[in-house]
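The structure appears right after this line, and notes come after that.
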Amino acid sequence: MPILDPTWLPLSVLKSKGSNLRFLAFKIEKILREISLISKSASGFIHACDYDQEGEVIGYNILEHACHNKYSLSKRAKFSSLTDEEIIQSFNNLLPPSQKLKDAGTSRHMIDFIYGINLSRALTNSVNKKDSPGADKKGYRQLSIGRVQGPTLAFVVEREKEIESHIFEPYWNVMADFEKNNQIIKTYYYPYRIDTKSAAENIINSCKNQLGKATDINIQKTAIKPPFPFNLGDLQKEAFRFFRFTPSYTLSIAEKLYLSALISYPRTSSQKLPSSINYEKIIKAVSNLDNNLHQNSSYGNKTKSILSYSEISLKLLANKVLKPNEGKETDPAHPAIYPTGQKPKRSLEDSEIKLLDLIIRRLLSSFGEEASSSQIIVTITVKDKFTFKAEEKKIVVEGWIKYYRPYFDLSGFMIQDSLSFLKRNDILKNVKIELLEKFTQPPFRYNQSTLLQKMEREKIGTKSTRSEIISTLFKRNYITNFVLSTAHQSVTDDSKVVSKNSPASNYQKKQPTKDGFVGMQKSGLRPTEIGLAIVNSMKKYIPNIVSTNLTRDMETQLEQIESGNTTSVQVVEKARNQIKEAIESFNLNESKIGQEISSALEVNKTTNLWRKPTSISSLGPCPVCKSGNLIVKKAVKSKKRFAGCTNYTSAKCLTTSPLPQKGTIKNVGKKCEKCNWPIISAHGINQGKRYQWEFCINSSCPLKISNNGNKKITSKQT
DNA sequence: GCAAGGTC
């Protein structure tokens, strides 16, 4: 039975023998007793927790439960950074307690609890029936789902499905080298994408060894504004980009730096720095850190092009105005992350030095001067008809970029220019021209950094919990980190650092290459069989839990509580009814859900985690037993892949079928007209040639026997 | 023990 009305229990219940929270209960009691004692002699109560929904609830709980129902009598201090100026100001202007903020906060707690706990229990129960293949040795397998976990997992699954259903369409590029004064200009035919090979060949035949004229030289200058001061998400993104630190690892290091008083509070969404933190003081203080940080460190100012903190701060302090370039993200409780400038009182670990260095240079850069780039695009026309373009971009004013080194991303910028010597109407000779065959590419898989950014964009979770939610998905084995080049050492856990060489870092090439589609797309986060099965089942029976609508709807409702347009009682009641319905629908379909997820758990047991990405989904329903699904499996002995039924263990369905050993296999959702077995598509590259074909996987399909088709599949499975 | 939120 779902628990729709969780209530507070008296501590005595938790303290009773046999309670697994006994130890904790005694600890809590001690803290409560102490606060209670102090509160008795207090002349008044000032609530000075973070000025946001959650902060309001924390203070409320203390005032109500430890200070004998003093919330309504308390006063509220409102400040958004811990500077003397702001704190004094807030204590001089105390507000009444923010009842509506508290109501919104407690509703959030209640809703997340009744949704999360009830559905996680239902899910767990559905696979823990007798003889379930999903259960562990003790006969138990813990599953979970929640308002944030669900949609986040669904992002990974949706992306995987997009990749699987992608059709590689060929197109062609023509690349040409032109020469003038012994200088080679590398160009591409414009427009870049040519749809047919014959059109591309026509261009080549018409332009080979011909003269071209520089018909246009376009130079554009673009300002590059200084970066914003860091909020947590931006710090996690940048630390992933440069150090390959995962978001949760970055947060854990930032926390250590904060507890050592080296940086300000890191769990912030703000990209703003109030002047009350005293810019000048911080910039000056930071300049004293040079020796402290970079001595004895494997990291630091190794080359001359990287300026020391004191060199940067001298330049900044010489400027007339000292103002950071702020972003628009705000936070009700904290400013952006900045270094305090204090000297470390202990020796720092390498990872801490790296992150602190990044934070310091980011802060200094945000005060820097605007930089600018110049882009030159040269158009070369052959026979007044065929146009080729060459382009180059370079930094012309370095500005803040020199403060941010080595973290500025220079890819896409040239160091030397090779085009600016050209003038309009110059004549150039074509010396080389070639055809490139390309294919349209599916979207990239998420990595931990881009998944976190997706959560930010969709506004699910909070800055403090997003990285943890991703770690939870790893912990539950719902997602894995797929590494292509070292498939045998595939990283399936939530490691701290993603190797720079490994494609799991989702190294993205700008343009697809001829062989690119084989190697490029396979790295990054993939759902496991279980992850996929959970999203599929939830979508079928309780779609709300994996869609962002639930969160979106809840946010709106909570905002309305804050603004007084609805009440906490109404909102929680509505959620309660929704979960009641969801649980009812769940219970009606429990055996189906249990079976779907159990077969996925079975697949995870019998196949390697690094098997081909596309085998994650079913190839179609089993035509023999009807209740199972045909999936790609690997033969234990021969390691060859074949199609097998998910009911192999549970219902002894022995249906198998050989599959091509190379290339990518895709479920195209069709059934063979003759035998009703699934029709799948296989594609890949064979002897440099791309192929894609569809076929019925039944090796004894009457259609094949009659026309002797599908000779390609001859390998027998053991 | 399961959620999501906060904290050291």
Side-chain angles (χ1 to χ4, degrees), chain A residues 1-4 6 14 19-21 24 27-28 31 47-62 82 101-102 104-128 135-136 138-153 232 248 251-263 265-269 331-334 455 459-473 475-478 534 538 542 544-546 548 550-551 554-555 558 572 575-576 578-579 582-583 586 597:
Chain A
M1 268 291 109
I3 295 169
L4 300 171
L14 297 181
S19 157
N20 50 0
L21 294 175
L24 189 67
K27 262 177 126 174
I28 293 169
I31 297 166
H47 180 339
C49 299
D50 284 359
Y51 196 79
D52 58 22
Q53 218 175 66
E54 302 295 333
E56 190 68 24
V57 176
I58 292 171
Y60 162 80
N61 281 331
I62 297 170
L82 289 175
L101 204 57
K102 178 266 292 177
T106 48
S107 307
R108 205 274 311 147
H109 277 247
M110 196 67 117
I111 295 169
D112 276 340
F113 189 92
I114 56 181
Y115 262 96
I117 301 291
N118 287 309
L119 287 175
S120 295
R121 281 178 184 173
L123 209 55
T124 305
N125 286 339
S126 78
V127 296
N128 284 308
D136 60 17
K138 289 179 219 151
Y140 190 75
R141 174 67 155 85
Q142 181 69 55
L143 297 175
S144 69
I145 194 84
R147 178 177 54 86
V148 183
Q149 274 184 43
T152 307
L153 177 58
L232 180 61
S248 54
L251 175 56
S252 74
I253 303 168
E255 212 166 271
K256 284 197 258 176
L257 293 173
Y258 163 67
L259 294 175
S260 303
L262 299 173
I263 61 167
Y265 191 70
R267 293 185 187 96
T268 174
S269 50
D331 189 300
H334 307 281
M455 294 168 81
K459 294 196 166 34
I460 60 168
T462 69
K463 69 250 171 191
S464 329
T465 56
R466 285 183 187 118
S467 60
E468 205 182 300
I469 301 268
I470 297 175
S471 298
T472 303
L473 298 180
K475 200 170 92 192
R476 300 254 177 273
N477 194 22
Y478 289 174
I534 286 180
M538 295 303 107
I542 33 173
N544 272 341
I545 203 70
V546 286
T548 48
L550 180 73
T551 288
M554 192 190 85
E555 294 284 337
L558 296 183
V572 175
R576 205 171 270 138
Q578 279 178 337
I579 185 75
I583 293 282
F586 197 107
I597 298 170

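Since we're looking at a predicted model, the values are computed, not measured. By convention in this document, chain letters (A, B, ...) are assigned in the order of the sequence lines, proteins followed by strands, and residues within each chain are numbered from 1.
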Identify whether any heavy atom of A:Ile111 sits under 4.0 Å from a base atom; if not, whether one sits that close to sugar-phosphate; answer base, sugar-phosphate or nothing. nothing

Students often get this wrong, so: under 4.0 angstrom with heavy atoms, is A:Asn118 touching a base, only sugar-phosphate, or nothing? nothing

Using heavy-atom distances to pick each residue's nearest nucleotide on DNA chain B, tell me which of A:Ser144 and A:Ser464 is more 5'. A:Ser144

Is it true that A:Thr472 and A:Gln149 share a donor-acceptor pair across their side chains at a distance under 3.5 Å? no

State, yes or no, whether a side-chain contact exists between A:Leu119 and A:Ile579 at a heavy-atom distance under 4.5 Å. yes

Reading DNA chain B from 5' to 3', where do the contacts with chain A start and stop? Cut-off is 4.0 Å to heavy atoms. B:dG1 to B:dC8

What does A:Gly461 touch in the nucleic acid at a heavy-atom separation under 4.0 angstrom: a base, only the sugar-phosphate, or nothing? sugar-phosphate

Can you give me the closest heavy-atom contact between A:His47 and A:Tyr60, atom names plus distance? NE2-N, 3.8 Å

Between A:Thr472 and A:Leu259, which has a closest nucleotide on DNA chain B that is more 5'? A:Thr472

Under 4.0 Å, counting only non-hydrogen atoms across every strand here, what does A:Leu119 touch: a base, just sugar-phosphate, or nothing? nothing

For A:Met538 and A:Val546, which heavy atoms make the closest approach, and how far apart are they? CB-CG1, 3.8 Å

Heavy atoms only, 4.0 Å cut-off, all strands: where does A:Arg121 land among base, sugar-phosphate and nothing? base

Looking at every strand, decide which applies to A:Phe113 at a 4.0 Å heavy-atom threshold: base, sugar-phosphate, or nothing. base

What is the nucleic acid contact for A:Glu255, judged by heavy atoms within less than 4.0 Å: base, sugar-phosphate only, or nothing? nothing

Polar contact flag, side-chain donor to acceptor under 3.5 angstrom, A:Gln53-A:His109: no

Which part of the nucleic acid, if any, lies within reach of A:Arg466 when heavy atoms closer than 4.0 Å are counted: base, sugar-phosphate only, or nothing? nothing

A:Phe586 side, atom CZ; A:Ile545 side, atom CD1 - distance, nearest 0.5 Å: 10.5 Å

